[in-house]
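Residue indices begin at 1 and follow the sequence shown. Atoms within a ligand are numbered from 1 in the order they appear, just like the ligands themselves.
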Amino acid sequence: MSAQVLSEAARRRTFAIISHPDAGKTTLTEKFLLYAGAITSGGAVKAHEGRRAATSDWMEMEQTRGISITSTALNFPYRQHELNLLDTPGHRDFSEDTYRVLSAVDAVVMVLDSAKGIEPQTLKLFEVCRSRNLPVITFLNKLDRPGLEPLELLDQIEDQIGLRPTPATWPVGSFGDLRGVIDRRTDIFTRFTRTARGSQIAPEEDVPADRAASEEGSAWTKSTEESDLLSAMGADVDLASFLAGESTPVFAGSALTNFGVRHLLDAIVDLAPAPTARLDVDDKPRHLDEPCSAFVFKVQANMDRNHRDRIAFARICSGKFDRGMVMTCERTGKPFATKYASTVFGAERTTVDEAFPGDVVGLVNATGLNIGDTLFDDSGAPVQFPPIPAFAPEVFATARPVDTGKTKQFRKGLDQLNEEGVVQVLKDPDWGDASPVLAAVGQLQFEVFANRLDIEFNAPIELSSAPYQAIRLTDKESAAMLREKPGVRILARFDGHLVALFENKYALARVEQNEPELMLDHIIAG
Ligand code: G4P
């Protein structure tokens with residue numbers, strides 16, 4: 001049993017793709033599925049003007065093709081391995097969901113648009129990876145069209161992100177004339193042939209160096225010279241520093257034309273780490289072969305009109321998960337029956353009968369489970385995994401029902417969406433439910449919130465931005481003092497913690513400087 005768990009865990013790779021919008025995350029995801037044989041032709045995912053999230057594209061694809069590619073977790077086999085690709089939502093905007101998803105993966109693929117280099121969202125997402133020491137594999141995308149010099153992109157990675165770039169593959173031909181890539185680890189040059197919109201796997205040919213030199217001419221010379229320069233600088237792939245989050249293997253290519261995609265997908269199997277023991281709140285490892293444990297990183301209700309319910313997405317951390325097993329929720333001490341567990345999210349669900357460390361299961365009817373909850377099988381020792389880090393909200397709004405007759409539905413929706421972590425609902429300790437302040441990491445969260453209140457709770461709302469610029473966690477004693485200050489408001493989170501909202505950063509800085517004894521914590525635990 002434990003040997004089975006260990007060997008199954010060793011076959012798992014659980015990862016996410018991070019990128020600035022438009023860098024090519026959706027295209028690359030689709031191409032991974034194409035190369036893994038999970039879909040037979042690519043090109044169905046089209047970016048549309050004004051499109052907000054990839055999710056709808058997946059849903060659409062799912063309907064038209066009858067395959068399950070949805071936002072939360074894609075599971076597909078590749079080279080005798082099971083790949084779990086977790087979607088980082090909040091596509092056009094940043095959202096708290098993204099942080100949570102990154103707490104459930106073991107590695108990350110960072111996609112850069114080679115015409116744009118490091119963009120603001122890439123940086124922000126990378127900071128989350130750094131805080132978790134996640135190994136990062138970098139993909140220089142869109143090399144099929146004019147862009148920055150690849151060497152310049154490496155400089156940006158080093159200077160702006162502080163990761164040492166170690167190219168695994170290097171492009172031959174550039175600026176609109178990409179021919180293929182050299183695998184610097186084997187010196188094999190792979191030449192690709194374009195297919196229409198990259199809808200099929202790109203035919204490829206391994207070309208020996210002497211033939212490549214004569215056939216590719218100056219493109220070959222430039223590429224090999226650059227590659228030699230990189231070797232001279234010691235920029236070769238180094239597994240130990242990659243796993244430590246210090247260096248990043250870099251792959252070159254084009255998701256659209258499929259050039260270099262296979263090399264990247266292989267790297268997920270060959271370089272990205274398999275699940276390892278997860279540390280509990282006391283920093284004690286929960287070994288992979290201990291009885292089953294999992295943590296909830298996402299909760300979503302009413303995902304699908306046909307199944308109006310609440311699903312908790314949990315990542316298995318140890319042991320074998322068998323559908324039907326009763327697990328204990330560490331926070332409440334209550335048993336949770338896993339009779340309804342699924343892997344597929346969207347229009348159709350597929351029941352999952354067993355799962356192993358690294359896998360994500362969707363637990364249906366998950367009333368009573370919250371984000372960050374630990375579940376464990378009673379036959380072993382109890383365990384509590386650390387709470388999922390939540391970053392301080394940066395945007396604030398107020399909401400009221402358009403129709404005052406819908407106040408009851410409004411409140412119900414507010415509570416549920418708060419529990420799901422769609423936004424944080426902050427209430428005045430004295431006024432209770434009246435005029436709550438909504439706090440989020442990104443604006444998109446408000447839009448999702450308004451939309452769901454309207455559609456799922458039949459309580460359309462009017463949103464207005466609230467005049468706050470910073471938030472800190474505080475305590476009762478400090479709150480009494482802070483309440484007296486100009487530009488400060490004290491509210492309570494749903495878990496009872498008090499928070500101080502500041503109308504401007506100056507008001508915050510003044511308090512921090514003049515009264516350092518007051519408790520003002522960056523909100524890091526959800
Ligand atoms: P995202 O999920 O990161 O937001 O990016 P997405 O994959 O949607 O790609 C954004 C745009 O970039 C799309 O173009 C896509 O076709 C294009 N793209 C992705 N990878 C490559 C690449 O390797 N080379 C080139 N040249 N383009 C790439 P679009 O014009 O918005 O839509 P479409 O009509 O072309 O599909």
Side-chain angles (χ1 to χ4, degrees), residues 15-35 39 41-61 64 69-72 74 85-95 97-98 101-102 108-126 137-148 150 153 169 171-181 190 192-202 204 250-265 442 444:
F15 69 104
I17 303 178
I18 59 169
S19 70
H20 191 85
D22 278 339
K25 186 177 79 159
T26 314
T27 312
L28 186 63
T29 303
E30 194 195 39
K31 296 312 171 68
F32 279 169
L33 295 174
L34 179 70
Y35 272 77
I39 57 176
S41 89
V45 181
K46 281 200 118 199
H48 297 294
E49 209 47 47
R51 183 195 57 166
R52 189 172 300 123
T55 320
S56 54
D57 297 320
W58 296 132
M59 298 280 190
E60 231 167 78
M61 278 183 79
T64 53
I69 342 173
T70 40
S71 60
T72 299
L74 296 172
L85 169 50
L86 274 55
D87 189 39
T88 49
H91 199 63
R92 295 275 142 189
D93 192 2
F94 211 60
S95 87
D97 270 0
T98 311
V101 167
L102 291 177
V108 151
V109 173
M110 174 169 76
V111 181
L112 303 183
D113 179 336
S114 53
K116 304 212 173 114
I118 306 274
E119 297 177 85
Q121 196 119 312
T122 332
L123 264 181
K124 223 170 162 181
L125 285 160
F126 174 74
I137 296 174
T138 302
F139 186 58
L140 306 180
N141 191 27
K142 306 198 187 184
L143 285 171
D144 58 303
R145 67 179 196 195
L148 300 170
L153 290 164
T169 65
V172 175
S174 57
F175 295 120
D177 183 24
L178 182 64
R179 320 233 178 121
V181 297
T190 306
F192 297 93
T193 307
R194 244 187 120 134
T195 63
R197 273 200 69 83
S199 63
Q200 300 298 323
I201 288 177
E204 56 181 69
V250 177
F251 289 79
S254 152
L256 185 70
T257 60
N258 302 338
F259 288 25
V261 168
R262 182 180 57 75
H263 292 77
L264 179 64
L265 190 55
L444 175 65

Side chain, backbone, both or neither: which applies to [X] and ligand 1 if a contact is any heavy-atom pair less than 4.0 Å apart?
| X | result |
| --- | --- |
| R145 | side chain |
| P21 | backbone |
| L256 | both |

Problem set entry | Selected option - heavy-atom contact closest to atom 6 (P) of ligand 1, from I17, T27, L28 | T27
Exercise: identify the closest heavy-atom pair between [X] and [Y]:
| X | Y | value |
| --- | --- | --- |
| H263 | T169 | CD2-CG2, 3.8 Å |
| D144 | R194 | OD2-NH1, 4.2 Å |
| S19 | K25 | OG-CB, 3.4 Å |

Atoms in ligand 1 with a heavy atom of [X] nearer than 4.0 Å:
| X | result |
| --- | --- |
| S254 | 22 (C), 23 (O), 24 (N) |
| T26 | 1 (P), 2 (O), 7 (O), 8 (O) |
| S19 | 3 (O) |
| K25 | 1 (P), 2 (O), 3 (O), 5 (O), 7 (O) |

Seminar exercise, completed: Result for ring-ring contact (aromatic ring centres under 6.0 Å, His included) between F259 and one of F251, F192, Y35, F139 points to F192
Counting C-beta onward and ignoring hydrogens, is there a side-chain heavy-atom pair between [X] and [Y] closer than 4.5 Å?
| X | Y | value |
| --- | --- | --- |
| L125 | V108 | no |
| I17 | T29 | yes |
| L153 | T138 | no |

Problem set entry | N or O pair under 3.5 Å between G253 and ligand 1 | no
